Colleague: 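Sharing a structure here in structure tokens format.
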Amino acid sequence: MPRPAFQLYNTMTRAVGPIVPLDPAGKRVTLYVCGPTIYDYAHIGNFRTYVAGDLLRRALKHFDYQVDHVMQFTDVDDKTIRGSREKNLPLREYTAIYREAFLKDAKELNIQVAERTPNATEHIPAMIALIQKLVDKKAAYVSDDGSVYFRINAFPKYGCLCHLDLANLMTGARVSQDEYEKEGVGDFVLWKKWVAADGDVGWDSPWGKGRPGWHIECSALSMEHLGSQIDIHGGGTDLRFPHHENEIAQSEAATGLPFVRHWFHVEHLLVDGQKMSKSLRNMYTVRDVLQRGYSGRELRYALLSGANYAKNLNFTWQGMDDARTALARIDEWHKRIKAAATGATAADESAASLNLFQSIDEAIAQDLNINDLLGTLFTWIRTSNKALDEGTLTPPQALAYLQAWDRLDAILGLGEVAVAIPPEVQTLIDERAAARQAKNFAKSDELRKAIEALGWKVKDTAKGQELSKS
RNA sequence: GGCGGGGUAGCCAAGUGGUAAGGCACGGCUCUGCAAAAGCCGAAUACGUGGGUUCGAUUCCCGCCCUCGCCUCCA
């Protein structure tokens with residue numbers, strides 16, 4: 001039976017459609033996801049986007065694509081400059097702190113880091129070259145203040161991604177009143193002229209000392225690393241406008257080629273039904289979540305399963321508890337099925353024909369339908385647990401489930417992380433085993449308490465004691 | 001004003017032109033020195049609303065209500 005084609009919603013066309021790679025061999029897929037501005041710790045809303053991007057990346061690999069994935073770090077902008085000045089650190093040192101923090105948090109969430117994660121400031125010459133090209137083509141102009149702007153009138157398709165009718169924009173909404181140096185209100189900055197507040201941050205350019213605008217970064221980095229055209233470009237939904245719209249304009253005005261084939265946007269995370277904001281005190285970082293005693297994989301599960309990537313996801317602590325319980329159920333099953341598969345040399349074909357693999361393919365091929373996938377998983381769990389209870393599951397059948405799980409988890413990224421048992425806990429466990437052997441239950445209970453005090457939970461099963469981190 | 005996303009049991013959430021996955025919570029049972037956990041089973045009179053099309057609509061069409069976004073800082 002042929003595998004289904006991987007289909008993904010495309011914001012540009014507003015339809016779910018297959019990924020058709022530019023690669024003539026149809027193997028390599030180029031993926032660019034707009035990365036964070038590293039001026040502070042990223043919050044869980046940011047990470048929802050990156051977890052979704054990771055899901056996409058893993059799904060592509062599941063369908064045997066060779067993924068070439070780039071994510072930039074924005075390490076120069078108003079906020080990074082302000083932060084570094086406040087902390088009295090050179091910009092590079094200041095942003096390095098948050099770059100590392102991001103990577104650490106991403107690891108906590110089992111996010112596969114992109115093949116390349118350039119910092120924007122490592123590619124200033126590419127940005128200058130791109131801007132020069134736009135100036136040469138009269139798609140950009142130098143304003144009276146010495147900054148360079150993109151002229152959106154030079155790009156008739158402007159608004160195509162967001163389906164905006166420029167004549168219909170809400171008048172006066174958030175258009176700054178004082179930007180009279182621009183020809184049109186929609187024109188956006190490509191190169192920002194140095195000002196005193198920038199301190200020692202600045203690069204020489206044909207238009208004098210300054211720094212790149214935000215939008216040009218992604219175009220320049222995408223083109224430099226992946227070529228003039230790419231397959232998939234993604235990010236948070238808020239980037240659709242103006243960021244991605246501007247990327248299209250400046251990229252296509254420069255190259256004359258369609259910039260991106262498939263646009264992938266991730267909806268926002270809400271907390272307790274509300275937008276995250278500092279004033280509501282509901283803005284959590286990954287660290288905050290870990291500090292509350294949850295694990296990265298519990299957060300990953302909550303971010304993946306809370307809603308399809310294209311819908312708002314409401315983060316709650318109740319949701320984290322639900323995630324914890326559901327994950328524990330998966331873990332229990334995994335242990336059981338693994339034990340049951342011991343000794344099997346080959347998976348049972350008839351068990352495999354329960355369409356285990358096919359149901360994985362079908363769910364994920366349909367616009368990353370993660371909840372359908374989880375529904376399938378929990379149905380396997382119930383079915384195989386029942387067979388285990390009844391003693392009717394053979395080792396080769398168990399192996400079939402185990403193999404299906406491995407394949408599934410390559411997408412979910414939820415595999416249990418083995419935790420080393422500290423020696424002092426191991427000592428108590430050994431003592432307890434002896435006490436239990438001697439039917440000294442008073443001592444056994446005492447030792448259980450001692451183990452709990454060290455942060456571990458012990459439970460008694462038919463096969464002896466089982467430890468888990470509490 | 002323009003454009004778009006939602007409204008499915010107590011909570012979260014898939015999905016389909018033929019009366020609806022899954023998770024959490026809940027109840028029963030099994031297991032168990034106790035505890036905890038786990039497993040199995042179960043219940044739920046769940047598709048915002050008014051029309052229309054249809055043999056049949058939660059699903060398609062029209063209207064309405066509610067809700068959340070975006071419309072030049074933002075994942």
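Below, all heavy atoms of this structure are taken into account, side chains as well, without hydrogens, waters or symmetry copies. Please read these numbers as outputs of a predicted model, since none were measured by experiment. Per chain, numbering begins at 1; letters A, B, ... match sequence-line order.
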Colleague: Please give the nucleotide sitting opposite B:rC64 as a Watson-Crick or G-U wobble pair, both distances under 3.5 Å, or none.
Modeller: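 Result: B:rG48.
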Colleague: Taking the P atom in each of B:rC47 and B:rC12, what is the distance between them to the nearest angstrom?
Modeller: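 Looking at atom P only, B:rC47 and B:rC12 are 15 Å apart.
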Colleague: Once you apply a heavy-atom cut-off of 4.0 Å, does A:Leu373 come out as touching a base, just sugar-phosphate, or nothing?
Modeller: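 Since no nucleic acid heavy atom lies under 4.0 Å of A:Leu373, the category is nothing.
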Colleague: Check the distance between B:rU72's C1' and A:Leu161's CG and give it to me in whole angstrom.
Modeller: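 Answer to the nearest Å: 14 Å.
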Colleague: What is the pairing partner of B:rG69, taking Watson-Crick or G-U wobble pairs with both distances under 3.5 Å in any strand?
Modeller: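 Looking at the geometry, B:rG69 pairs with B:rC3.
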Colleague: Contact class for A:Phe441 (heavy atom, under 4.0 Å): base, sugar-phosphate, or nothing?
Modeller: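 The answer is base, as A:Phe441 lies within the cut-off (heavy atoms under 4.0 Å) of a base atom.
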Colleague: Hey, is A:His268 stacking on B:rA75? Ring centres under 5.5 Å, planes under 30°.
Modeller: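 Yes, aromatic ring over the base.
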Colleague: Apply salt bridge (charged side-chain N to carboxylate O under 4.0 Å, His left out) to the pair A:Lys192 and A:Asp78, showing each step before the final yes or no.
Modeller: CA-CA 11 Å; A:Lys192 273 188 163 173; A:Asp78 290 350; 3.6 Å; yes
Colleague: Looking at A:Glu298 and A:Arg324, is any side-chain nitrogen of the basic one under 4.0 Å from a carboxylate oxygen of the acidic one?
Modeller: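 Salt bridge between A:Arg324 and A:Glu298, a charged N being under 4.0 Å from a carboxylate O: yes.
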Colleague: Would the distance check show the side chain of A:Asp77 and the main-chain N or O of A:Lys79 forming a donor-acceptor pair, the cut-off being under 3.5 Å?
Modeller: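 Yes, A:Asp77 side chain to A:Lys79 backbone: donor-acceptor pair under 3.5 Å.
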Colleague: Compute the centroid of each ring, for A:Phe259 and then for A:His233, and state whether the two points are separated by less than 6.0 Å.
Modeller: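 Yes - the distance between ring centres of A:Phe259 and A:His233 falls below the 6.0 Å cut-off.
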Colleague: Find out whether A:Tyr94 and A:Arg85 are in side-chain contact, i.e. whether some heavy atom of one side chain is under 4.5 Å from a heavy atom of the other.
Modeller: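 A:Tyr94 does not reach A:Arg85 side chain to side chain.
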Colleague: A:Arg329 has a side chain; which of B:rA37, B:rC71, B:rC24 sits nearest to it?
Modeller: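 Given the options B:rA37, B:rC71, B:rC24, the side chain of A:Arg329 is closest to B:rC24.
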Colleague: With C1' as the reference atom in both, quote the distance from B:rG1 to B:rC62 in angstrom, rounded to an integer.
Modeller: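 23 Å, rounded to whole Å.
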Colleague: Considering every strand and a 4.0 Å limit on heavy-atom distances, what is the contact class for A:Gly306: base, sugar-phosphate, or nothing?
Modeller: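 Here A:Gly306 touches the backbone only, sparing every base.
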Colleague: Is the phosphate of B:rA21 approached by A:Arg382 (side-chain N or O, under 4.0 Å from OP1 or OP2)?
Modeller: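 So the side chain of A:Arg382 is outside the cut-off, no N or O lying under 4.0 Å from OP1 or OP2 of B:rA21.
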Colleague: So, does A:Arg240 get its side chain near the phosphate of B:rA75, meaning an N or O under 4.0 Å from OP1 or OP2?
Modeller: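 It does not, given that no N or O in the side chain of A:Arg240 lies less than 4.0 Å from OP1 or OP2 of B:rA75.
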Colleague: Check whether any side-chain N or O of A:Lys311 sits under 4.0 Å from OP1 or OP2 of B:rA14, and answer yes or no.
Modeller: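 Yes, within the criterion.
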Colleague: My understanding is that a pair needs two contacts under 3.5 Å, Watson-Crick or G-U wobble. By that rule, which nucleotide pairs with B:rA75?
Modeller: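 Pairing partner: none.
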Colleague: Side chain to side chain contact (heavy atoms under 4.5 Å, CB included), that's the test. Do A:Leu454 and A:Ile451 meet it? Break it down for me.
Modeller: CA-CA 5 Å; A:Leu454 292 172; A:Ile451 292 163; 5.7 Å; no
Colleague: Is the phosphate of B:rU67 approached by A:Lys275 (side-chain N or O, under 4.0 Å from OP1 or OP2)?
Modeller: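 Looking at the OP1 and OP2 atoms of B:rU67, neither is under 4.0 Å from any side-chain N or O of A:Lys275.
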Colleague: Describe the nucleic acid contact of A:Arg436 in one word from base, sugar-phosphate, nothing, applying a heavy-atom distance below 4.0 Å.
Modeller: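 Counting heavy atoms under 4.0 Å across all strands, the contact made by A:Arg436 includes a base.
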Colleague: Rounding to an integer number of angstrom, what distance separates B:rA25 and B:rA36 when you compare their P atoms?
Modeller: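 Straight-line distance between the two P atoms is 15 Å.
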Colleague: Check the distance between B:rG69's P and A:Met276's CE and give it to me in whole angstrom.
Modeller: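 Result: 13 Å.
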Colleague: Which residue lies toward the 5' end of RNA chain B, A:Ile381 or A:Gln318, if each is placed at its nearest nucleotide?
Modeller: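 The 5'-side residue here is A:Gln318.
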Colleague: What is the distance, rounded to the nearest whole Å, between atom CD of A:Glu217 and atom P of B:rC73?
Modeller: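 Nearest whole value for this atom pair: 16 Å.
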Colleague: Closest approach to the side chain of A:Phe241, judged atom by atom: which nucleotide of B:rA75, B:rC3, B:rU72 is it?
Modeller: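 Minimum distance to the A:Phe241 side chain belongs to B:rU72.
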Colleague: When you compare B:rG22 with B:rA14, how far apart are their P atoms, in angstrom units rounded to a whole number?
Modeller: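 Straight-line distance between the two P atoms is 15 Å.
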Colleague: Pick base, sugar-phosphate or nothing for A:Tyr50, based on heavy-atom distances below 4.0 Å to the nucleic acid.
Modeller: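 Answer is sugar-phosphate: A:Tyr50 comes under 4.0 Å of backbone atoms only.
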Colleague: Checking all strands, does A:His243 fall into the base, sugar-phosphate, or nothing category for heavy-atom contacts under 4.0 angstrom?
Modeller: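 Answer is nothing: A:His243 stays at 4.0 Å or more from every strand.
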Colleague: With respect to the side chain of A:Asp372, which nucleotide from B:rA14, B:rC40, B:rC3 is positioned closest?
Modeller: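 That would be B:rA14.
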Colleague: Using the closest heavy atom to pick a nucleotide of RNA chain B for each, name whichever of A:Lys386 or A:Phe378 lands nearer the 5' end.
Modeller: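 The answer here is A:Phe378.
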Colleague: With rounding to whole Å, what would you report as the distance between B:rU54 and B:rC66 at their C1' atoms?
Modeller: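 Each nucleotide's C1' atom is 29 Å from the other's.
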Colleague: Using the C1' atom as the reference point in each nucleotide, state the distance between B:rA20 and B:rA46 in Å, no decimals.
Modeller: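 Those two atoms are separated by 9 Å.
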Colleague: Please report the distance, rounded to the nearest Å, between NZ in A:Lys443 and C1' in B:rC34.
Modeller: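 So the two atoms are 18 Å apart, to the nearest Å.
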Colleague: For B:rU19, what is the paired nucleotide under Watson-Crick or G-U wobble rules, both distances under 3.5 Å?
Modeller: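 With both distances under 3.5 Å required, B:rU19 matches none.
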Colleague: Paired with B:rU53: which nucleotide, if any, by Watson-Crick or G-U wobble criteria at under 3.5 Å for both distances?
Modeller: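 Checking every strand shown, B:rU53 finds no partner, since no pair has both distances under 3.5 Å.
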Colleague: Send over the distance from A:Leu388 CG to B:rC31 P, rounded to a whole Å.
Modeller: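 Result: 18 Å.
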Colleague: When the C1' atoms of B:rC31 and B:rA38 are compared, how many Å lie between them, rounded to an integer?
Modeller: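 It comes out at 9 Å once rounded to the nearest Å.
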Colleague: If we ignore hydrogens and angles and just use 3.5 Å, is the side chain of A:Asp75 paired with the main-chain N or O of A:Thr95 as donor and acceptor?
Modeller: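 Such a contact is absent between A:Asp75 side chain and A:Thr95 backbone.
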Colleague: To the nearest Å, give me how far apart CG (A:Asp322) and C1' (B:rC12) are.
Modeller: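 That distance rounds to 7 Å.
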Colleague: Would you indicate whether the side-chain heavy atoms of A:Gln72 and A:Thr117 approach each other to under 4.5 Å?
Modeller: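 Sidechains of A:Gln72 and A:Thr117: no contact.
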Colleague: So what does A:Arg448 hit on the nucleic acid, given a heavy-atom distance under 4.0 Å: a base, only sugar-phosphate, or nothing?
Modeller: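 It contacts base atoms.
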Colleague: In whole angstrom, give me the gap between the C1' atoms of B:rG17 and B:rC61.
Modeller: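 Comparing C1' positions in B:rG17 and B:rC61 gives a spacing of 13 Å.
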Colleague: With a non-hydrogen cut-off below 4.0 angstrom, is A:His43 in contact with a base, only sugar-phosphate, or nothing?
Modeller: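 The answer is base, as A:His43 lies within the cut-off (heavy atoms under 4.0 Å) of a base atom.
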Colleague: Respond yes when some side-chain nitrogen or oxygen of A:Asn385 is under 4.0 Å from OP1 or OP2 of B:rA38, and no when none is.
Modeller: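 For B:rA38, OP1/OP2 do not have a side-chain N/O of A:Asn385 under 4.0 Å.
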Colleague: What integer distance in Å separates A:Asn371:CG from B:rA13:P?
Modeller: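 So the CG-P distance, A:Asn371 to B:rA13, works out to 9 Å.
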Colleague: So A:Phe315 and A:Trp317, would you call those rings parallel, tilted or perpendicular, with 30° and 60° as cut-offs?
Modeller: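 Ring orientation, 0 to 90° scale: perpendicular.
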Colleague: Name the nucleic acid region contacted by A:Ser444, choosing base, sugar-phosphate or nothing; use a 4.0 angstrom heavy-atom cut-off, strictly under.
Modeller: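 Base contact - A:Ser444 has a heavy atom under 4.0 Å of at least one base atom.
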Colleague: Regarding A:Gly45, tell me which of base, sugar-phosphate or nothing describes its non-hydrogen contacts under 4.0 Å with the strands shown.
Modeller: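 Contact class for A:Gly45: base.
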Colleague: What is the pairing partner of B:rG39, taking Watson-Crick or G-U wobble pairs with both distances under 3.5 Å in any strand?
Modeller: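 Pairing partner: B:rC29.
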Colleague: Could you state the CG-P distance from A:Asn308 to B:rU8, rounded to the nearest angstrom?
Modeller: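 Atom-to-atom, A:Asn308 to B:rU8, this comes out as 16 Å.
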